Every structure is written in structure tokens, then in C-alpha cells.
Amino acid sequence: MGTVILNLGGNVLSGGIPDCWLNWQNLQVIKLSNNRLNGSILSSMRTLQSIVSLHLQKNHLSGEIPLSLNNCTDLIILDAGENELHGSISRWIGDSLRKLVVLSLRSNKFSGYIPDKLCTIGSLQVLDLVDNNLIGSIPRRVSKFQAMAKFNGSMGTAISYVIGAGTFVATIVMKGQMLEFGTNLNLVRSMDLSNNKLSGEIPVEVTSLFELQTLNLSHNLLSGTIPDRIGELRSLESVDFSVNKLSGSIPESMSYLTFLSHLNLSFNNLSGVIPSSTQLQSFDSSCYEGNQLCGLPLPKQHSANVAIHNGGGGNDYGFEMEWFYFGMLYEFGMGFWSVFAPVVINRR
């Protein structure tokens, strides 16, 4: 028997999700994305115990992700992005949905912390929590994302089955573009936590995710330094740490990222010289703006200004030169008026 699919995506369907799932218990793929559906995700979906791929993105769904979905233990792709869902990201997702490969909850209204339990999903290749109201630190247990740390070379039976049926699989944002992945989904490793209110440091455990291709932590409140070992993530193609409160220098190890084609470190508190490498110097200077950095590809004038601003002895020298020129102007003014003032008074 082939894959059982319900594909109603990309229509103009409105109203709530119909409560008819008792009659469709063998469904493996449900696509309700790109519609105008509202209301909540029904708890009756717990009967869909054969489902492996659930696409609800780009609707107007609200409420929380129902606990009843913890019965859908074969779920591999859960995409509920671009809705109006709220509440916290529940721990049960990590406890029950242990086969997840793609979890996308982007552009909703989720709040609270990223639960540590989420990191126990060893099969997770794509984590997309962009544009929510998440707070707290990035869990140090991210190193438990085994599929992001080690490439196993094969897909699970269920996901191979769905792909084999010619079914569209996942929509993922990489390098700022929305891309569709089907048969090549197994090659994708991405973590995007941007546009939240996450704070604290970038955990060094991130640098153990050796297969990661995209890492986006931009537009948060992250502080501290960029981990020195970031250069060990040799598969990285896209890095975005912009608009945070990161300080210190750019690690020399970043020059080892030879596959890097997208970089943005702008608007932080980074300082020092940009490490020399063909890769890092090939990016536009806007990737580094809003910091106290110097060196190529930044303009020479900018680098000179930063050097004067940052140089300790240089500041004393500049201070002395300012007083030197001030003294010259003062003496010139006094001499000028001592000669011409009597002439002006006598003429009057």
C-alpha cells in the first residue's frame, strides 16, 4: 500500500480544522499549509498514530500545541510556523516525538524558555524557532542533537517512505531564503533561533555540532564572546550573530570555515582585527559594521579611526597634539590683538 496523503495546501480554505480524524487514522502526510484556517489544533488528532509529516504553516491557528499530539510518536516533520500559536514550548515534545527530523515553530507567539528536553531528540536535523518571544539562555544540552553532530549517511525508514512517494517534504529558511527540500532533506542541518529575547553566552557546546550548515542567533540579547572553537564547525555555510551584545575579538578559528558563504556579525561590541583569510575578507564590509573592528574588508579610513579609538598610547598622543595646536592659536590671537588693538582705539 502506498503513502496515504491528504494534501489541501495552497488553497483559500477558512474556518477551523475539521474534526474528522477518526475516519482517517491511516493518514501519513497531512498538508493544510498556506490557507486561512483559524482556531486551535484539535486534540482529536491524537488518533493519527500513523502520521509522519504534519504541515500546518501559514495559517491563522491559535492556542497551544495540544498534548494529545504526543500519541503521534512516528512524527518526523512538524511544521506549524507562521501562525498565532502561543504558550510555552512543551517538554513533552522532547519526551514523545523522538523521531522528529524537522521542528519548525517560526513566527508564532511562543514564550518562556527553550526546554532542555528538546535537546534529547537525537534525530533532529532542523530546529527553527525564529521570531517568537523566547527568553533565557540557549540550552547547553544542544550537544545532544546527535544528527547535527554526526552524519549517519542514511534516512529513517518512515522519511524514506514519504520521499519515495514523491511527496513534498519540508520548507526551510537558509541564508535568508525559503527553500524546499525533498530527497535532499537528509543533507540539511540547520539551527535558527533568531528574533527572540535569548540572553547569556553562546554555549561552547554548540561547537560540537560538526555537521551544522546554518547557525542563526541574530537579533537576541546574547553577550560574552564568540566561542574560540567555532572554526571546528567545518560544514558551516551560513553564520548570523548580528544585533546582539557580543564582545571580544573574532576568533582566529573562523578563518578555517572554508565553506562559509554567508556571514553577518554586525551591530555587536566586537573589537580588534578581522582575522586574515580569503573567506572572511571576501564578505561585504556591512557584515562587520556597528562594531569596533579594523582590517579588511573594512575601509582604511574606518580602520584608522578604530585604531585611534582603541589604542591606549595613541589617545595620549592625540590629547597632547590637541593642546599643542590650541596653544599656538592662543599665542597667535594674543599677538594679533596686542598690535592692532591700539590702532583701532586711536582711530576711534
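Worth saying up front: this structure is predicted, and the values here are computed from it rather than measured.
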Query raised in the report: Should L222 and F241 be marked as a side chain to side chain contact (heavy atoms under 4.5 Å, CB included) after you check the CA-CA gap, both sets of side-chain angles, and the distance that decides it?
Result: CA-CA 9 Å; L222 298 172; F241 295 159; over 6 Å; no
Side-chain heavy atoms of [X] within contact of [Y], under 4.5 Å:
X    : Y    : value
L127 : V142 : no
I51  : L27  : no
D192 : R106 : yes
T73  : K99  : no
I41  : L85  : yes

When you measure from the side chain of [X] to the backbone N and O of [Y], does any donor-acceptor pair fall under 3.5 Å?
X    : Y    : answer
D79  : G81  : yes
Q125 : V188 : yes
N132 : N108 : yes
Q213 : S235 : no
N244 : N220 : yes
N216 : S218 : yes
N11  : L13  : no
N83  : N59  : yes
N196 : L129 : yes
Q281 : P297 : no

Distance, nearest 0.5 Å, that separates [atom1] of [X] from [atom2] of [Y]:
X    : Y    : atom1 : atom2 : answer
N34  : L8   : CG    : CG    : 12.0 Å
M148 : S123 : CE    : OG    : 9.5 Å
E237 : T214 : CD    : OG1   : 6.5 Å
S33  : H55  : OG    : NE2   : 7.0 Å
I138 : L198 : CD1   : CG    : 5.5 Å
I121 : D95  : CD1   : CG    : 9.0 Å

Query raised in the report: With sequence neighbours left out, what residues match R98 under side chain to side chain contact (heavy atoms under 4.5 Å, CB included)?
Result: T120
Query - With sequence neighbours excluded, residues passing side chain to side chain contact (heavy atoms under 4.5 Å, CB included) with S285 - result: L298, P299
Enumerate, atom names and distances included, each donor-acceptor pair closer than 3.5 Å involving a side-chain atom of residues 245-258, sequence neighbours excluded.
from: S253; atom 1: OG; to: D228; atom 2: O; distance (Å): 2.5
from: S253; atom 1: OG; to: G231; atom 2: N; distance (Å): 3.0
from: S255; atom 1: OG; to: E252; atom 2: O; distance (Å): 2.6

Requested in this report: Not counting sequence neighbours, which residues clear salt bridge (charged side-chain N to carboxylate O under 4.0 Å, His left out) with E201? List them please.
Outcome: none
Query raised in the report: Who are the salt bridge (charged side-chain N to carboxylate O under 4.0 Å, His left out) partners of R91, not counting sequence neighbours?
Result: none
Provide the closest heavy-atom pair for [X] versus [Y] in the form atom of the first, atom of the second, distance.
X    : Y    : value
L37  : G16  : CD2-O, 4.2 Å
L32  : L56  : CD1-CD2, 4.0 Å
N291 : N269 : OD1-N, 3.4 Å
Q28  : S50  : CG-O, 3.5 Å
Q49  : N71  : CG-O, 4.1 Å
L42  : S68  : O-OG, 4.3 Å

**Report entry** Check against side chain to side chain contact (heavy atoms under 4.5 Å, CB included), F110 and H86
**Finding:** CA-CA 4 Å; F110 289 107; H86 59 79; 5.9 Å; no
Flag yes if [X] and [Y] sit in one hydrophobic cluster, no otherwise; membership is Ile, Leu, Val, Met, Phe, Trp, Tyr, and two members link when side-chain heavy atoms are under 4.5 Å apart.
X    : Y    : value
L100 : V130 : no
F210 : V204 : no
L270 : L221 : no
L265 : F283 : yes
L54  : L6   : yes

Query raised in the report: For Y288, which of N268, N264, L280 qualifies under side-chain contact (heavy atoms from CB on, under 4.5 Å)?
Result: L280
Query - Passing candidate, side-chain contact (heavy atoms from CB on, under 4.5 Å) with L215, options L193, L236, I202 - result: L236
**Report entry** From CA spacing to verdict: side chain to side chain contact (heavy atoms under 4.5 Å, CB included), L217, V206
**Finding:** CA-CA 11 Å; L217 306 178; V206 166; 5.7 Å; no
Report task. Would you mind checking if R141 and D116 are paired as a salt bridge, meaning a charged N to carboxylate O distance below 4.0 Å? Result -> no
**Report entry** Qualifying side-chain hydrogen bond (donor to acceptor under 3.5 Å, both in side chains) pairs, either residue in residues 35-48, two or more places apart
**Finding:** D19-S44
Report task. Check the pair R189 / L209 against side chain to side chain contact (heavy atoms under 4.5 Å, CB included), numbers first and verdict last. Result -> CA-CA 9 Å; R189 304 288 189 278; L209 304 178; over 6 Å; no
